[in-house]
Colleague: 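Pasting in a structure now, in C-alpha cells, and then I'll have a few things to ask.
Numbering of residues begins at 1 and proceeds along the displayed sequence.
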Amino acid sequence: MDLTGLSSKGRFLMVVCIVSYLYKSAAAEGSCKLKAKFNLKGYKEVEKKTVVIGGMFPVHRRLTDTDSNTTIAPESSDCEGFNFRTFRWAQTMLFALNEINSRNDILPDTELGYVIYDSCFTISKAVEGTLTFLTGQDEAVPNYRCGDGPPLSALVGAGGSDLSIATARILGLYYFPQMSYASSCSVLESRFQYPTFLRTIPSDEHQSVAMAKLVLHFGWTWVGTIAAEDDYGKYGIKRFKEVVEEAGVCISFSETLPKIRNPEAIERIVQTVLDSTAKIIVVFSSDVDLSPLVGELLRNNVTNRTWIASEAWVTSAAISRHPDILPVLGGTIGFAVKRADIPGLKEHLLSVTPYNDTLTEEFWGIVFNCTMNYRQVLSGMRRCTGEEMLEKLNNTFTDVSQLRITYNVYKAVYAVAHALHNLEDCKPRSGPFENNTCADITKFEPWQLMYYLKNLRYTVPHTGEEIYFNNGDVDGFYDILNWQSESEGGITYTHIGYYNSTAPPEERLIINNGSIIWNNDILETPRSVCSERCQPGTRMGIRQGEPVCCFDCIPCADGEISNTTDARGCIQCDEDYWSNANHDTCVPKTIEFLDFTEPLGITLIAIAAFGALAAIAVAIILLMHLNTPLVNVNDPLLSFSLLLGLVITFLCSIVFLGEPQMWSCMTSQVALAVGFALVLSSLMGKSALLMLRARAVKANDIDPIHPRHQRAIMIVCTLIQAVGCTVWLILMPPHPMKNTAAQNIKIILECDPGNIIFICSIFAYDILLAVLTFSFAFVARKLEDHFNEGKSVTFGMLVFFIVWISFVPAYLSTRGKFMVAVQIFAILASSFGLLACIFIPKCYVLLIKPERNKEELMIPRAKSRDTAASGSSASLATTSSSANANGTTVSTVSLDD
C-alpha cells in the first residue's frame with residue numbers, strides 16, 4: 001500500500017486502523033497473545049468512582065540488577081532503594097484526593113479515584129506505568145482502553161524530567177493531559193512536541209537564568225559545573241553556561257554524573273574538583289544522582305568550596321542529613337520552589353498502616369527494621385506488629401518543614417480537580433465545544449479536559465496562591481536558601497533572598513548578603529577567579545589555549561596607561577604627556593631647558609662674564625702699552641679684533657641659556673659662528689705674517705706682507721662667514737622646538753638649526769679657518785726671539801682642537817639641558833684657551849717684566865746651533881732695519897731670561 005500521498009497525521013491514523021483491525025481479527029481467531037506482564041507497585045482505587053486520576057512517583061531510586069542472560073524469558077525488573085521523600089509525595093496525592101472528595105465546593109457529586117504507580121526513577125518503569133494506566137488494566141494493551149470503568153482524567157507525574165519526557169510523548173499521542181509536579185526541564189516547554197504537558201513547577205529556563213544572575217551578583221568569573229546525565233541536567237546546565245559565558249564568566253570544568261553506578265567516574269569527578277582552582281561549583285542534578293558524589297566528597301574531605309544547588313536537591317534530606325556533611329557542603333546556596341504548610345498532611349502521614357499495599361508494607365519494614373513476610377520471620381527477622389509508632393520517627397517522610405515539591409503535588413492534584421469541576425459545572429448550550437455543547441463528567445474525552453486545564457485559574461487552599469498556566473507553565477519564583485549549621489550540628493535552610501521572573505529585570509534577584517554564612521562558617525564572600533583582576537596601570541594578556549578568564553596582568557609600557565579595571569588594552573598618552581609611575585594617569589611631561597636661575601646656569605654665566613671681562617682687561621692693558629715694541633710687534637689692530645671676537649664668544653654662550661626663543665636661537669648660533677670666524681681670521685692674519693717672516697729670516701729676504709694685508713685677511717674671512725650666516729637666517733633660520741623623542745618623560749626645549757646643511761657649512765668654515773691658522777702658526781714656531789708668538793698661537797690652536805674634539809663625544813652622549821651645558825663649556829674652554837695661550841705671555845712681559853719690552857729683543861732670528869751665527873749680526877741688523885721700514889716687527893716665543 002502506498003502511503004506517501006498521505007499527511008503524517010493521515011499515516012498515523014491509517015496505522016492505528018490497521019493495528020486495530022489486526023488485533024480484532026486475532027482476537028476473533030483466539031490467537032491474541034500477551035507479550036509481557038509488567039511488575040508495577042502502587043495504589044489503586046477505582047471502584048464506585050466517577051473519575052480516575054493517575055499518579056506516578058519515583059518511590060524507589062533504581063531497578064534491581066537482573067541477569068542479562070537471554071536463555072530464559074525476561075521479566076520486568078523489580079525496584080530497590082526506597083525513597084522516603086518521594087513516598088511522602090505519593091501520600092500527599094492520596095491526602096489531596098481524600099480532601100477533595102470530602103469537600104462540597106469542589107466536585108460535590110463526583111468521587112475521584114486514583115491509580116498510582118512507582119516509576120522507580122527510571123524511564124522504562126515510567127513507560128510501563130503509562131501504558132498500563134491508559135489500558136485500564138494490569139496487562140497493558142497499547143492503543144486500547146480495556147473495560148468500562150470510570151473515565152481517566154489526567155496523569156500527575158512522572159517525577160524527574162526524563163521520565164516526564166518519555167510519558168509526555170506517549171500521552172501526547174492521545175491528547176491526554178499530564179500535570180507534572182517536579183519535571184522542570186526547559187525542553188518540555190515545547191507545545192509542538194508535548195501538546196498536553198502542564199506543570200506546577202517553574203521551567204528550568206528561569207532557574208538557569210537565576211543561577212547565572214547569582215554568579216554574576218557575587219562577581220564570580222571562574223566556576224565549575226556538574227550535571228546529571230539526563231535531560232534535566234543537560235538542558236539546565238546548558239542554559240546556565242550560555243548566560244554566564246555571554247557575561248564573561250568562564251567554565252573551569254564541566255562534569256556529568258552517571259545514571260548508573262560507576263565508582264571510577266565519581267572518583268574522576270572528585271579529582272577534577274580538587275585539581276581545579278574554581279571555588280564555585282554549580283550542580284544541576286537530583287538528590288538521587290548526586291548522592292554517590294557526596295559520599296566520595298566526604299571520603300576525600302573536599303572543603304573550601306561553595307556549591308550552587310538546583311531545586312531538585314537543595315532541600316533534600318538525603319543530602320543535608322548525611323553525617324559530617326557540614327564541612328563539605330556547608331554554605332551551599334540553592335534555589336527552591338515555593339514552600340507552604342499543608343494543614344492535616346502530617347496527621348495523614350502518621351496514619352498510614354502497613355496492611356493496605358506492598359509499598360506501605362515495604363516502608364514500614366524499613367523504618368522499623370521488621371518484616372511482615374512469614375518466611376523472613378522464620379529466618380530470624382522481627383515481625384512487624386502494625387502498632388509501631390510513626391510519631392517517634394525523625395526521618396524525611398514525617399518532616400513537613402520543607403514542603404516544596406510536596407506542595408507542587410498538592411497543587412497539581414487540585415489543578416486537575418478544579419478543571420474537572422469546571423467541566424462538570426458546564427451549563428447546557430453554553431459549552432465550549434461544537435454547537436456549544438458540554439462534556440459529560442462520566443464519559444468525557446481527555447482533550448475536553450485539556451481545554452479546561454489550559455484555561456484554568458484557581459486559588460490553592462490554605463495558601464491563597466493563585467495558579468494559572470501560561471502555555472502550560474507557571475511563573476518562575478524561587479526562594480534562595482543558604483545551608484547553615486544549627487545548634488545540634490545539623491543543617492538548617494536559611495532564607496536569604498528570592499528570584500521572581502515577573503519582576504523588573506533589576507529587581508528579579510534579591511539577596512541579603514549579610515545573612516549568608518559561607519563554607520567553614522566564613523562571613524566574607526569567597527572569590528572564584530582564574531586570574532585576579534587587573535588593576536589600573538595594567539592590561540589583560542590572554543593565555544594561549546586557556547579560557548578568556550585566565551590571563552596575565554601585563555604592566556602598560558612607558559607612555560601608556562589604563563585607568564579602568566581589567567582593561568583590554570593600554571591607551572597611548574598624547575605627545576606632551578607621559579604616564580605616571582603607576583601607569584594609570586597621563587601627566588604633563590617635564591619641561592626642560594638650562595635656565596638662568598639654576599646653579600649650573602648661574603655658574604656658566606659667571607664663567608662667561610669672567611672670560612669677557614678678562615678679554616676686556618687684556619685689551620685695556622694693550623691700550624695702556626700701545627706704543628711699546630711688544631704691542632706693536634705684530635699689528636695691534638689684529639690683537640684688538642681677536643679680543644673682540646673672544647668677548648663675543650664669551651657673551652654668546654650666555655644666550656644659549658634660558659627658554660629658547662626665536663631671537664635667542666638665531667643670535668646664539670650666528671654670534672658663535674661669526675665670533676669664532678673673527679677670532680680665527682685674526683689669528684690667521686697674525687700666523688700668516690709669522691710664517692712669512694720665518695721664511696724671510698731663513699731666506700735672508702725682506703718681509704713680503706704688509707699689515708693692511710693681514711687686516712684684509714681678517715675682514716674678508718669674517719665677512720664671508722657673516723654673509724653665510726645672513727643667507728642661513730633668511731632661508732632657514734634656527735627656531736625653538738619641543739624635542740619629545742630624546743627623553744620619554746621630558747619635553748626638551750631646544751633650538752632647531754633649521755637646516756643641517758647650513759649649520760654644517762657654517763661651522764665647517766670655522767674649522768677651515770682653524771686648520772689654516774694652525775698650519776701657519778706651526779710653520780712659524782721655529783722663528784726665535786724673546787717672545788715667540790708663533791708658539792703661543794700654535795699652543796692656543798692645539799687647545800682649541802683638543803676642546804672641540806673632546807666636545808663631540810661628550811655632546812652626543814648627553815641629553816637635555818646638559819647638551820647645552822656641554823656646548824657652553826666647549827665655547828668657554830676654547831675661548832679661555834686662546835685667551836690664555838696668546839695673551840698671558842704678553843701681559844706677563846708688559847706687567848711683570850717691562851725690561852724685556854725693548855725693540856732689540858723683538859728682533860726675530862732663525863735658530864742656529866753653530867758659533868758662526870754670532871757673526872751674522874750685520875745681516876740680521878739689515879733685516880731688522882728692513883722690517884722696521886715696513887712698519888712692523890717679528891717676535892718669537894722664548895721667555896728665557
Colleague: Go through I747 and N739 one step at a time and tell me if the side chain to side chain contact (heavy atoms under 4.5 Å, CB included) criterion holds.
Modeller: CA-CA 6 Å; I747 297 176; N739 186 346; over 6 Å; no

Colleague: Please round to the nearest 0.5 Å and tell me the distance separating atom CZ of F839 and atom CD1 of I621.
Modeller: 11.0 Å

Colleague: Looking at side-chain heavy atoms only, is the closest gap between R543 and S531 below 4.5 Å?
Modeller: yes

Colleague: Quick check against the 3.5 Å criterion: does S579 have a side-chain atom that pairs as donor or acceptor with the backbone of G559?
Modeller: yes

Colleague: Can you see which heavy atom on C573 is nearest to which on W578, and at what distance?
Modeller: SG-C, 3.9 Å

Colleague: Is D752 reaching over with its side chain to a backbone N or O of H735, donor-acceptor style, under 3.5 angstrom?
Modeller: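 No: the side chain of D752 does not pair with the backbone of H735.
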
Colleague: Check step by step if disulfide (SG to SG under 2.5 Å) holds for C250 and C549.
Modeller: CA-CA 6 Å; C250 296; C549 297; 2.1 Å; yes

Colleague: Considering residues at least two apart in sequence or located in another chain, which fulfil the salt bridge (Lys or Arg N to Asp or Glu O under 4.0 Å) criterion with E750?
Modeller: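 With neighbours one apart ignored, the set is empty.
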
Colleague: Would you name the heavy atoms of G658 and F593 that are closest together and state the gap between them?
Modeller: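 That closest heavy-atom pairing would be C-CD1, 3.4 Å.
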
Colleague: Compare all side-chain heavy atoms of F807 with those of V822 and state whether any distance is below 4.5 angstrom.
Modeller: yes

Colleague: Can you check side chain to side chain contact (heavy atoms under 4.5 Å, CB included) on M797 and L680, steps first, answer last?
Modeller: CA-CA 9 Å; M797 294 309 301; L680 294 171; 3.7 Å; yes

Colleague: Taking K817 first and then E598, would you say they form a salt bridge - that is, a charged N and a carboxylate O separated by under 4.0 Å?
Modeller: yes

Colleague: Are F676 and F800 an aromatic pair, judged by ring center distance below 6.0 Å?
Modeller: yes

Colleague: Indicate yes or no for a side-chain donor-acceptor contact from S653 to the backbone of I824 under 3.5 Å, with no hydrogens or angles considered.
Modeller: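 No, the answer is negative, given that no donor and acceptor are paired below the 3.5 Å cut-off.
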
Colleague: Quick one: are L622 and L626 in side-chain contact, heavy atoms under 4.5 Å?
Modeller: no

Colleague: Drop me the distance from I756's CD1 to M732's CE, to the nearest 0.5 angstrom.
Modeller: 12.0 Å

Colleague: Any heavy-atom pair between the side chains of P841 and V845 that's under 4.5 Å?
Modeller: no

Colleague: Could you tell me the separation between the SG atom of C717 and the CG atom of L772, rounded to the nearest 0.5 Å?
Modeller: 8.0 Å

Colleague: Take S641 and S682, measure what side chain to side chain donor-acceptor pair (under 3.5 Å) needs, and give me the verdict at the end.
Modeller: CA-CA 7 Å; S641 65; S682 299; 2.7 Å; yes

Colleague: Taking W728 for the side chain and P753 for the main chain, is one N or O donor matched with an acceptor at less than 3.5 Å?
Modeller: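 Such a contact is found between W728 side chain and P753 backbone.
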
Colleague: Can you establish whether the number of heavy atoms outside Q572 located under 6.0 Å from its atom CD is more than 12?
Modeller: yes

Colleague: Just do the side chain to side chain contact (heavy atoms under 4.5 Å, CB included) check on K738 and I748 with the steps written out, would you?
Modeller: CA-CA 6 Å; K738 294 180 178 180; I748 301 173; over 6 Å; no

Colleague: Does CZ belonging to F596 count more than 12 external heavy atoms closer than 6.0 Å?
Modeller: yes

Colleague: Determine, stepwise, if the pair E532 / R527 fulfils salt bridge (Lys or Arg N to Asp or Glu O under 4.0 Å).
Modeller: CA-CA 9 Å; E532 291 296 332; R527 291 179 54 78; 2.5 Å; yes

Colleague: Would one find more than 12 heavy atoms of other residues, nucleotides or ligands at under 6.0 Å from atom OH of Y577?
Modeller: no

Colleague: Determine, stepwise, if the pair C556 / C570 fulfils disulfide (SG to SG under 2.5 Å).
Modeller: CA-CA 6 Å; C556 291; C570 297; 2.0 Å; yes

Colleague: So do the side chains of I745 and T590 get within less than 4.5 Å of each other, counting heavy atoms only?
Modeller: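 In short, these two side chains do not touch, never coming nearer than 4.5 Å.
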
Colleague: Within the 4.5 Å heavy-atom criterion, are L683 and L642 side-chain neighbours or not?
Modeller: yes

Colleague: Tell me, with the steps shown, if N563 and T585 meet side chain to side chain contact (heavy atoms under 4.5 Å, CB included).
Modeller: CA-CA 7 Å; N563 51 15; T585 304; over 6 Å; no

Colleague: Return the minimal non-hydrogen interatomic distance between M714 and S681, and the atom names on each side.
Modeller: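 Taking M714 first and S681 second, the nearest heavy atoms are O-OG, 3.4 Å.
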
Colleague: Tell me, with the steps shown, if D576 and K589 meet salt bridge (Lys or Arg N to Asp or Glu O under 4.0 Å).
Modeller: CA-CA 6 Å; D576 292 346; K589 290 183 178 180; over 6 Å; no

Colleague: Would you indicate whether M662, at its atom CE, is surrounded by more than 12 heavy atoms from other residues, nucleotides or ligands within a distance under 6.0 Å?
Modeller: yes

Colleague: Between CD1 of I759 and SG of C725, what distance do you get to the nearest 0.5 Å?
Modeller: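 It is 9.5 Å, given to the nearest 0.5 Å.
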
Colleague: Do E592 and L749 have side chains that get closer than 4.5 Å, going by heavy atoms?
Modeller: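 They are not in side-chain contact.
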
Colleague: Roughly how far apart are L651 CG and L613 CG, rounded to 0.5 Å?
Modeller: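 Taking CG in L651 and CG in L613, the distance rounds to 8.5 Å.
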
Colleague: Please answer whether the main-chain N or O of Y765 pairs with a side-chain N or O of Q721 as donor and acceptor at a distance below 3.5 Å.
Modeller: no

Colleague: First locate atom CG of L835, then atom CG of L828, and finally report the distance between them rounded to the nearest 0.5 Å.
Modeller: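 L835 CG to L828 CG: 11.5 Å, rounded to 0.5 Å.
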
Colleague: Is it true that F832 and F650 have ring centroids separated by less than 6.0 Å?
Modeller: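 Close enough - the centres of the two rings lie under 6.0 Å apart.
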
Colleague: Report the residue from T667, L729, N755, V670 that forms a side-chain contact (heavy atoms from CB on, under 4.5 Å) with P734.
Modeller: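 Testing each of T667, L729, N755, V670 against P734, the sole residue satisfying side-chain contact (heavy atoms from CB on, under 4.5 Å) is L729.
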
Colleague: Taking all heavy atoms of T649 and all of L646, pick out the closest pair and write down the distance.
Modeller: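 Minimum heavy-atom contact is OG1-O, 2.7 Å.
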
Colleague: Are the side chain of W220 and the backbone of P526 linked by a donor-acceptor contact shorter than 3.5 Å?
Modeller: yes

Colleague: Short question: side chain of T740, backbone of E575 - any donor-acceptor pair under 3.5 Å?
Modeller: no

Colleague: Any chance CD1 of I757 has more than 12 other-residue heavy atoms, nucleotides or ligands included, within less than 6.0 Å?
Modeller: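 Not more than 12 within 6.0 Å, no.
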
Colleague: Shortest non-hydrogen contact from C837 to V799?
Modeller: SG-CG2, 4.1 Å

Colleague: Which atom names give the shortest non-hydrogen contact between V674 and A722, and what distance separates them?
Modeller: CG2-CA, 4.3 Å

Colleague: Show me the pairs that pass salt bridge (charged side-chain N to carboxylate O under 4.0 Å, His left out) and involve residues 802-813, at least two apart or across chains.
Modeller: none

Colleague: Any non-hydrogen side-chain atom of I827 less than 4.5 Å from a side-chain atom of W804?
Modeller: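 A side-chain contact under 4.5 Å exists here.
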
Colleague: Please determine whether side chain to side chain donor-acceptor pair (under 3.5 Å) holds for the pair K686 and S639, giving the CA-CA distance in whole Å, both sets of side-chain angles, and the decisive distance to 0.1 Å.
Modeller: CA-CA 9 Å; K686 284 177 171 288; S639 297; 2.8 Å; yes

